[in-house]
Amino acid sequence: MRAAAIAAQKKLGRKTVVVLPILYPRELFTAMDVHTVELWGPPGPPRGPEAGRIQPYACAVVRNALAFLASGGADAADAVLFPHTCDSLQGLATLVPDFGGWKKPVLRFHHPKGEDRPSARAFARAELSSLACGLERLTGETLDAARLDAAIALHAEIDRIKGALLRRRACLDLDDPALYRLLRRGEFLWPEDHLAELQAAEGRIGKERRRRGVPLLITGYVPEPMAIFDHLASGGTFVVADDYAAVGRRIPLGPPARGEDPIGTLAARTFAMPPCPTRAAAPARRMEYLSALFRRSGAAGVIVHVPKFCEPESFDVPAIRRLFSGIGAPLLHLEGELEADLPAQSVTRLEAFAEIVESARSAP
Amino acid sequence: MIGRRVSYEFMSRVAVPLLSGAKGWRRRLLSRKGGRRTGPFGPPLECARKLKELTARHYLAGRYADGAVPVAWVTSGFPVEALRSLRFHTVYPENHGAICSVKRLVPELSEAVEREGYSRDLCGYARADLGSLAAGKTPVGRLPRPDLLCCCTNICQTVLYWYRALADRFRVPLVVVDTPFVYGDALPHHVAYVVDQLRELAEVAGRIAGRPVDSAGLVESMRLAREGTRLWDECLRTSLARPSPWTGFDSFFHLAPIVAMRGTGECNAYYRMLLDELKDRVARGVGGIENERVRLLWDNLPIWFHLRDLSTLLAREGFNVVCTTYASAWAEAGRRIDPADPEGSAARAYLHVFLNRDLPHRLSLMKRLCEEYGATGAILHSDRSCKPYSIGQIDLKDRLVEAGVRSLVLEADHADPRAWSAEQADNRLRAFMERFP
Ligand code: SF4
Ligand code: SF4
């Protein structure tokens with residue numbers, strides 16, 4: 001799918017940049033007419049022996065990404081962008097270009113870590129400008145402020161619809177597998193093409209509740225394997241609230257606040273995101289956010305779905321457990337390794353969890 | 001408050017030096033006569049006792065610090081100079097984690113937090129620290145409650161997650177000094193970002209201390225930090241001699257002051273003493289091990305809980321670790337500190353910390369160490385619970401081998417013995433040693 005998307009954009013004369021997780025200022029790329037394709041792994045066994053260059057106690061996301069890049073899986077692309085999401089991705093950002101695995105241009109992007117503060121604001125701006133320069137070098141074009149404004153508006157609309165689909169999913173006549181497939185097509189489609197699909201889906205939000213079953217909140221990293229949603233559905237549950245780093249956590253909490261210029265608007269967007277451990281949001285703020293999400297959505301249980309060896313996500317698990325045990329909500333902690341399919345043991349645990357939540361809900 | 005202050009000052013300035021002075025007197029007499037040799041090692045360093053005294057004094061004073069002076073818990077690479085000038089008592093949870101590991105307490109402490117949902121795959125220092133809080137257990141008696149948490153990402157981002165959890169627990173401010181990763185040299189806007197954060201730090205720390213950072217005090221602690229770094233570097237460089245007057249494993253213990261007391265006169269006084277002793281040993285041809293035959297480089301953190309056995313195994317065969325990337329890291333970046341430009345130079349120094357730099361820099365440092373110190377072999381400790389240090393080691397090893405350095409990747413953990421098989425590691429080390437003529 002991703003290869004076909006790259007080929008289609010190449011025909012239109014666009015360059016493609018492969019992007020590692022999680023957050024990046026996609027608006028800049030759109031404004032520079034650069035196509036982005038995200039690399040979340042990919043899931044399944046590593047594509048080639050190069051994964052062995054990283055020890056097995058690092059997460060599958062970086063090991064698989066190394067194997068994929070080094071085996072030529074992304075050779076059709078023109079550059080790679082490494083956001084400095086965590087230690088492991090930071091390691092990959094020097095390992096791959098410096099010691100083998102990728103010979104084309106490399107872009108890097110640092111998010112300010114910690115809470116919003118003046119230094120972080122100034123840095124976000126400077127880092128965005130620096131990335132813009134990198135894109136100018138890659139394309140030979142100059143960033144145009146009006147085009148950046150338009151790209152910001154385009155992505156704000158995409159985010160608005162994504163947010164609406166997630167929030168009002170109980171009234172949407174798409175099941176979870178179809179909804180997540182649609183949302184995640186944004187990882188590789190040209191934004192305008194994705195917008196068209198999203199708009200079509202928005203028309204399918206009705207007034208009536210369409211989803212039956214046990215509503216759940218899901219928090220975690222990336223919904224892989226996607227089969228998790230089929231298993232949830234067959235257990236009589238559905239996802240009513242999403243806090244996946246790859247999905248819900250990338251949708252700003254509100255429309256973009258206008259900055260003094262388009263780069264300022266983009267910099268402000270950095271701080272309008274739901275709290276994420278990879279950017280070191282205060283746990284109290286994150287727990288408040290999750291608790292509000294849980295209440296608002298009417299979820300009856302919580303699934304915490306994190307990759308094994310993922311430090312940023314794993315460090316928050318105890319606080320999440322404390323939070324939901326404090327309000328008496330059943331919680332399932334599922335650790336994954338980016339498998340192509342959900343292991344049988346996880347399937348059993350999901351089924352058992354669905355029963356627990358159901359009986360807790362129907363208890364007087 | 002006044003009572004606590006008096007106890008704190010008494011403990012840090014009088015009681016511990018007296019106590020350890022009396023205990024050490026007889027042993028010092030013995031060692032002046034040439035000291036006793038222990039196994040395959042040379043006579044123990046006399047300074048080791050002084051180091052114990054320093055550490056004991058620090059931790060004992062810490063028991064009386066909260067309520068007496070402002071207390072900060074600080075990551076090892078944190079730009080601590082502003083805190084020094086405000087007379088904060090600083091606690092280094094990583095150092096505490098190392099002590100827990102040497103005492104083999106980490107499994108018990110880790111289990112305490114694993115019950116809360118922390119994964120066993122997380123950094124062993126973080127688990128030891130959080131576990132110590134959860135279990136209410138520490139080998140140092142008691143750690144003072146922090147008024148401020150200070151976390152710098154120049155060693156890893158793991159400390160962010162760990163200190164966020166601490167801030168949540170203690171409900172005290174967390175100051176983050178975020179240091180973007182350096183490829184080649186730091187970019188100007190990265191330096192500016194750190195400078196801005198240093199100003200924010202000074203403001204928060206000053207608020208907690210109840211007085212602003214005074215610039216003369218700041219300059220003085222920077223001068224002391226630079227001097228301390230230089231002295232530490234000189235201590236390490238005594239290992240250029242053959243035989244090396246100490247082992248790299250010794251240096252792991254003796255780096256505690258440059259990590260935890262950087263920017264103090266006490267730290268520098270200690271290193272002057274250590275340097276004198278090391279130079280004296282070089283002059284007299286006294287080695288860290290008895291029969292130094294092969295010189296090695298060590299990469300990554302120590303395997304704290306197995307250090308003694310490991311060093312004995314190597315020393316028996318005449319193998320001496322004469323240089324380590326870990327100890328050298330503390331001699332590297334501090335050179336950039338310039339009291340004439342406190343903020344800019346501190347920003348550059350703390351950005352260019354070894355673990356915050358790309359792999360080509362790391363490889364060139366390793367090659368340089370091997371060349372300078374005459375190390376013909378390298379042990380790369382692949383540390384299960386320190387991902388930032390470990391990612392890239394497999395390629396580093398291949399490149400060292402290409403450069404003619406026999407190299408071994410040794411799987412272990414710096415803190416937690418549960419994922420470690422001593423027998424397997426010993427076998428691998430024996431096979432590695434057999435590859436040397
Ligand atoms: S899964 Fe976690 S550890 Fe792995 S790359 Fe993503 S954020 Fe980093
Ligand atoms: S051991 Fe590694 S992961 Fe842990 S605090 Fe130190 S640098 Fe960070």
Side-chain angles (χ1 to χ4, degrees), chain A residues 52-55 57-59 62 84-88 90-95 97-100 106 108 110-115 117-120 122-123 125-127 129-130 277-284 286-287 304 306 308-312 314-322 333 335, chain B residues 113 116-119 121-123 126 130 151 153 156-158 160-165 167-168 171 174-178 180-181 183 187-190 192-197 199-200 357-363 382-388 390-396 398-399 409 411 419:
Chain A
R53 286 168 54 198
I54 296 184
Q55 293 90 331
Y57 50 79
C59 71
V62 291
H84 280 244
T85 302
C86 63
D87 290 325
S88 299
Q90 196 158 272
L92 195 69
T94 166
L95 182 63
D98 294 326
F99 285 174
V106 167
R108 293 169 179 120
H110 291 85
H111 290 286
K113 309 274 166 154
E115 291 297 310
R117 52 198 168 137
S119 60
F123 176 66
R125 246 197 99 88
E127 191 66 6
S129 302
S130 168
T278 63
R279 295 189 307 284
R286 179 156 192 233
M287 295 314 127
V304 182
V306 299
K308 191 161 171 59
F309 305 115
C310 174
E311 299 229 336
S314 303
F315 261 97
D316 271 7
V317 170
I320 297 174
R321 272 176 42 168
R322 263 197 317 277
H333 178 199
E335 221 175 35
Chain B
V113 276
E116 290 179 8
Y118 283 99
S119 159
D121 302 321
L122 302 175
C123 162
L130 295 166
C151 163
T153 58
C156 64
Q157 300 186 43
T158 298
L160 274 178
Y161 322 133
W162 169 7
Y163 276 60
R164 285 166 71 239
D168 205 37
R171 306 272 162 192
L174 165 64
V175 174
V176 173
V177 173
D178 178 24
F181 198 69
Y183 300 91
L187 300 172
H189 73 279
H190 291 181
Y193 177 37
V194 178
V195 167
D196 285 350
Q197 294 175 86
R199 290 184 185 143
E200 286 168 349
R357 303 187 68 177
D358 56 16
L359 286 170
H361 173 264
R362 190 152 148 203
L363 177 63
S382 168
D383 184 349
R384 206 188 139 74
S385 78
C386 180
K387 293 166 190 73
S390 304
I391 288 183
Q393 279 183 316
I394 292 165
D395 284 62
L396 286 169
D398 291 347
R399 277 158 177 79
V409 172
E411 297 287 340

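Proteins get letters first, then strands, A, B, ... in listed order; numbering begins at 1 in each.
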Is A:A282 close to chain B through its backbone or its side chain, or both, or neither, when contacts mean heavy atoms under 4.5 Å? backbone
If you tally heavy-atom pairs under 4.5 Å between each of B:L359, B:L160, B:V409 and chain A, the highest tally belongs to B:L359
All heavy atoms of B:C123 vs all of A:E311, minimum pair found to be N-OE2, 3.4 Å
Just give me the residue among B:S385, B:S119, B:A126, B:P360 that pairs up with chain A most often, heavy atom to heavy atom, under 4.5 Å. B:P360
From the list A:S314, A:A319, A:P118, A:A120, the residue making the most non-hydrogen contacts under 4.5 Å with chain B is A:P118
With only heavy atoms counted, which part of B:E116 is less than 4.5 Å from chain A, the side chain, the backbone, both or neither? both
Determine the interplanar angle of the A:F123 and B:Y193 rings, folded into 0 to 90°, and report it as parallel if under 30°, tilted if 30 to 60°, perpendicular if over 60°. parallel
Pick from A:A280, A:G114, A:G91 with the largest number of heavy-atom pairs that fall under 4.5 Å of chain B: A:A280
Residue from A:S88, A:A58, A:G100 scoring the most non-hydrogen pairs under 4.5 Å with chain B is A:S88
For B:D398 and A:R53: C-alpha separation, side-chain torsions, deciding distance, then whether salt bridge (charged side-chain N to carboxylate O under 4.0 Å, His left out) applies. CA-CA 10 Å; B:D398 291 347; A:R53 286 168 54 198; over 6 Å; no
Which region of A:E115, side chain (C-beta onward) or backbone (N, CA, C, O), has a non-hydrogen atom less than 4.5 Å from a non-hydrogen atom of chain B, or is it both or neither? neither
Closest heavy-atom pair, A:P283 versus B:R164, reported as atoms and distance to 0.1 Å, is CG-O, 3.5 Å
Toward chain B, the part of A:H84 with a non-hydrogen atom under 4.5 Å: both
Looking at A:R322, A:K308, A:H333, which one has more heavy-atom pairs under 4.5 Å with chain B than the rest? A:K308
Which answer fits B:Y183, side chain, backbone, both or neither, if we ask what part of it has an atom under 4.5 Å from a heavy atom of chain A? side chain
A:T94 side chain vs A:Q90 backbone, donor-acceptor pair below 3.5 Å: no
Tell me which of these, B:G392, B:S382, B:A165, has more heavy-atom pairs under 4.5 Å with chain A than the rest. B:S382
Any donor and acceptor pair, going by atom type alone, linking the side chain of A:K113 with main-chain N or O of A:T278 inside 3.5 Å? yes
Proximity breakdown for B:D358 and chain A, heavy-atom pairs closer than 4.5 Å: both
Audit row: B:D395, B:R399, salt bridge (charged side-chain N to carboxylate O under 4.0 Å, His left out) steps and yes/no: CA-CA 6 Å; B:D395 284 62; B:R399 277 158 177 79; 3.7 Å; yes
Under 3.5 Å, side chain of B:D383 to main-chain N/O of B:S390, donor-acceptor pair present? no
Looking at A:P112, A:C310, A:A122, which has the largest count of heavy-atom pairs under 4.5 Å with chain B? A:P112
Under a 4.5 Å cutoff for heavy-atom pairs, which residue among B:V195, B:D196, B:I391 has the most contacts with chain A? B:I391
Check: A:V306 main-chain N/O paired with A:E335 side-chain donor or acceptor under 3.5 Å: no
Electrostatic pair B:E200:A:R117 at N-O distance under 4.0 angstrom: yes
Heavy-atom distance under 4.5 Å to chain A: side chain of B:L174, backbone, both or neither? neither
